Amino acid sequence: MTPGGEVVVALDVGGTGMKCALVRPDGATVHAERHATDAARGPEAVVGTILDVAEGLAGKARADGLTPVACGIAVPGVVDEAHGVAVWSANVGFRNVPLRELARTRLGLPTALGHDVRVGGLAEARLGAGRDAGHVLFVAIGTGIAAAHVVDGSAAAGAHGAAGEIGHILVRPDGPRCGCGRPGCLEAMASASAIGRRYAKLSGGAATAAEVADRAAAGEPLAGRVWREAVEALADGLATGQALFDVATIVIGGGLAQAGPRLFDPLRAALRERLTFHREPRLVAAALGDEAGCLGAALLALDTLAKESR
Ligand SMILES: [Zn+2]
């Protein structure tokens, strides 16, 4: 570590916890801390904690002889990155919070606000499993399913800040109802939560997606069926993604990627079956784990800094 080096204050705000770090311009984390989001307190209190934690990190940097040069904050939901506004979030309760301006005012640093999955994709594409691929589709599969399409290190946010909602591709018109209100979305078939729910409904017993994968591998027919149906739905969703984006690499992150070959082997085969003239992408597991969002927030802040100093 160079004394007096520059660092970025980075925060990844989730529904339950905030991952926070001081990150060097080369992507190395020099300090990390975690805080509870405690979203039940309401969005104003959460915003207060975000600003306090960011200010504390900037102070920590200075105390360590480092120079904080920018701040990056990632949040879930619908994010207007161009205006720095957290437009809407189901699990944190944001409604049109001008978070970028609030942080810029409090810290006195150039600040960027990003969407958690898009910045996670940015980090995987630039520093992680999609490095050197150029065109990357990052798909996070956990309680929901969301994606980021990254081209040459930059992720498109869409006209309304809502690009990448691959979880709401219609894959089974007669399937279970999705949280968005429509039946048959990919997320209602193949998210980790959906796999657990489906197995519970059919078996009458509770199991996590990881347990369903274990039981399927051990030869339990019902778990095998639920897992296979989820993998097939995912392959349908990814084939649509590939038809739209023609990427070199699909990076799968989130909790479900932990299933390893139990997910990737059948998913790769099912995706291959569905592609006709499209080129088959490399299908790989995310490399940065749950630090991707924080690193991505730092990268977004550095991009903003580079633009502002131009
Ligand atoms: Zn949906």
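Everything numeric in this text was worked out from a predicted model, so none of it was measured. Hydrogens, waters and symmetry mates play no part in the numbers below; they use all other heavy atoms, side chains included.
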Locate the shortest heavy-atom distance separating F94 from A86; write the atom from each residue and the value. CD1-CB, 3.8 Å
Distance check, rounded to the nearest 0.5 Å: D12 atom CG versus L295 atom CG? 9.5 Å
Over 12 foreign heavy atoms within 6.0 Å of CD, E308: yes
With rounding to the nearest 0.5 Å, note down the distance linking CG in L202 to CZ in R225. 5.0 Å
Tell me if a side-chain donor or acceptor on R268 pairs with a main-chain N or O of L283 at a distance below 3.5 Å. yes
Flag side-chain contact, heavy atom, 4.5 Å: T111 against L113: no
When you look at T29 and R24, which way does the side-chain hydrogen bond (donor to acceptor under 3.5 Å, both in side chains) test go after all the steps? CA-CA 6 Å; T29 297; R24 276 199 322 222; over 6 Å; no
Please answer: with hydrophobic residues joined when any side-chain heavy atoms are less than 4.5 Å apart, are V8 and L102 in the same cluster? no
Counting distance only, does the side-chain N/O of T49 pair as donor-acceptor with the main-chain N or O of A45 below 3.5 Å? yes
Do E124 side-chain atoms and G121 backbone N/O form a donor-acceptor pair below 3.5 Å? no
Less than 4.0 angstrom from a charged side-chain N to a carboxylate O is my criterion; do K307 and D303 meet it? no
Evaluate the side-chain contact (heavy atoms from CB on, under 4.5 Å) criterion for residues V87 and V79: first the C-alpha distance (whole Å), next the side-chain angles of each, then the deciding distance (0.1 Å), finally the verdict. CA-CA 5 Å; V87 176; V79 183; over 6 Å; no
Determine whether a donor-acceptor pair (N or O, by modelled atom type, separation under 3.5 Å) exists between the side chain of R41 and the backbone of D38. yes
Residues I73 and C71: closest non-hydrogen pair is CG1-SG, 3.9 Å
V9 and L57: side-chain contact (heavy atoms from CB on, under 4.5 Å), yes or no, with the steps? CA-CA 6 Å; V9 172; L57 279 165; 3.9 Å; yes
Check: G14 main-chain N/O paired with T37 side-chain donor or acceptor under 3.5 Å: yes
Intermediate values then yes/no, side-chain hydrogen bond (donor to acceptor under 3.5 Å, both in side chains), H31 and E33: CA-CA 7 Å; H31 169 77; E33 50 189 68; 2.6 Å; yes
Provide the closest heavy-atom pair for A230 versus A190 in the form atom of the first, atom of the second, distance. O-CB, 3.6 Å
Rounded distance (nearest 0.5 Å) linking atom SG of C294 with atom CG of L22: 9.0 Å
Inter-residue atom distance C178.SG - L170.CG, 0.5 Å rounding: 10.0 Å
Of the non-hydrogen atoms in A10 and A297, which two are nearest, and what is the gap between them? CB-CB, 4.4 Å
Measuring from I50:CD1 to E55:CD, what's the distance to the nearest 0.5 Å? 14.0 Å
Heavy-atom side-chain contact between V69 and V7 under 4.5 Å: no
Assess whether salt bridge (charged side-chain N to carboxylate O under 4.0 Å, His left out) is satisfied between E229 and R172, documenting all intermediate values. CA-CA 11 Å; E229 287 173 355; R172 298 290 179 270; over 6 Å; no
Walk me through whether V231 and L263 qualify under side-chain contact (heavy atoms from CB on, under 4.5 Å). CA-CA 7 Å; V231 165; L263 174 67; 4.3 Å; yes
Between E187 and I145 (side chain of the first, backbone of the second, donor and acceptor by atom type, cut-off under 3.5 Å), is there such a pair? yes
Heavy-atom side-chain contact between P68 and R62 under 4.5 Å: yes
Flag side-chain contact, heavy atom, 4.5 Å: L186 against L234: yes
Sole candidate of T249, L275, L238, L137 that passes side-chain contact (heavy atoms from CB on, under 4.5 Å) when paired with P281: L275
May I have the step-by-step check of salt bridge (charged side-chain N to carboxylate O under 4.0 Å, His left out) for E81 and R118, ending in yes or no? CA-CA 10 Å; E81 292 178 2; R118 278 198 291 275; 3.0 Å; yes
Group every Ile, Leu, Val, Met, Phe, Trp and Tyr by side-chain heavy-atom contacts under 4.5 Å, then state whether I141 and W227 land in the same group. yes
Quick check: does any side chain N or O of S193 sit under 3.5 Å from a backbone N or O of T143, one acting as donor and the other as acceptor? yes
Any side-chain heavy atom of L66 within less than 4.5 Å of one from V30? yes
Using a strict 4.0 Å threshold on nitrogen-to-oxygen distance, state whether D80 and R100 make a salt bridge. no
Would you call D290 and R34 a salt bridge, using N to O less than 4.0 angstrom? yes
Using modelled atom types only, decide if a donor and an acceptor are shared between the side chain of R215 and the backbone of P221 within a distance under 3.5 Å. no
If you compare all heavy atoms of A194 against all heavy atoms of A188, which two are closest, and at what distance to 0.1 Å? CB-O, 3.3 Å
Find out whether R274 and D236 are in side-chain contact, i.e. whether some heavy atom of one side chain is under 4.5 Å from a heavy atom of the other. yes
Do R95 side-chain atoms and W88 backbone N/O form a donor-acceptor pair below 3.5 Å? no
Salt-bridge criterion met for D246 and R279 (N-O under 4.0 Å): no
Nearest-0.5 Å distance that lies between atom OG in S154 and atom CG in L300: 9.5 Å
Test log, rule side-chain contact (heavy atoms from CB on, under 4.5 Å), inputs I252 and V284: CA-CA 6 Å; I252 307 280; V284 296; over 6 Å; no
Considering only residues two or more places apart or on different chains, which pairs with a residue in residues 113-166 satisfy ring-ring contact (aromatic ring centres under 6.0 Å, His included)? H149-F245
Let me check something: do L256 and I166 share a hydrophobic cluster, defined by ILVMFWY side-chain heavy atoms less than 4.5 Å apart, either directly or through other members? yes
Any chain of hydrophobic side-chain contacts (each under 4.5 Å) joining M189 to V139? yes
Side chain to side chain, R126 and L299, heavy atoms closer than 4.5 Å: yes
Under a 4.5 Å side-chain heavy-atom rule over Ile, Leu, Val, Met, Phe, Trp and Tyr, are I195 and L222 clustered together? yes
Measure from the side-chain N and O atoms of Q242 to the backbone N and O of V247, and report whether any donor-acceptor pair falls under 3.5 Å. yes
Closest heavy-atom contact between G158 and A163? N-CB, 3.6 Å
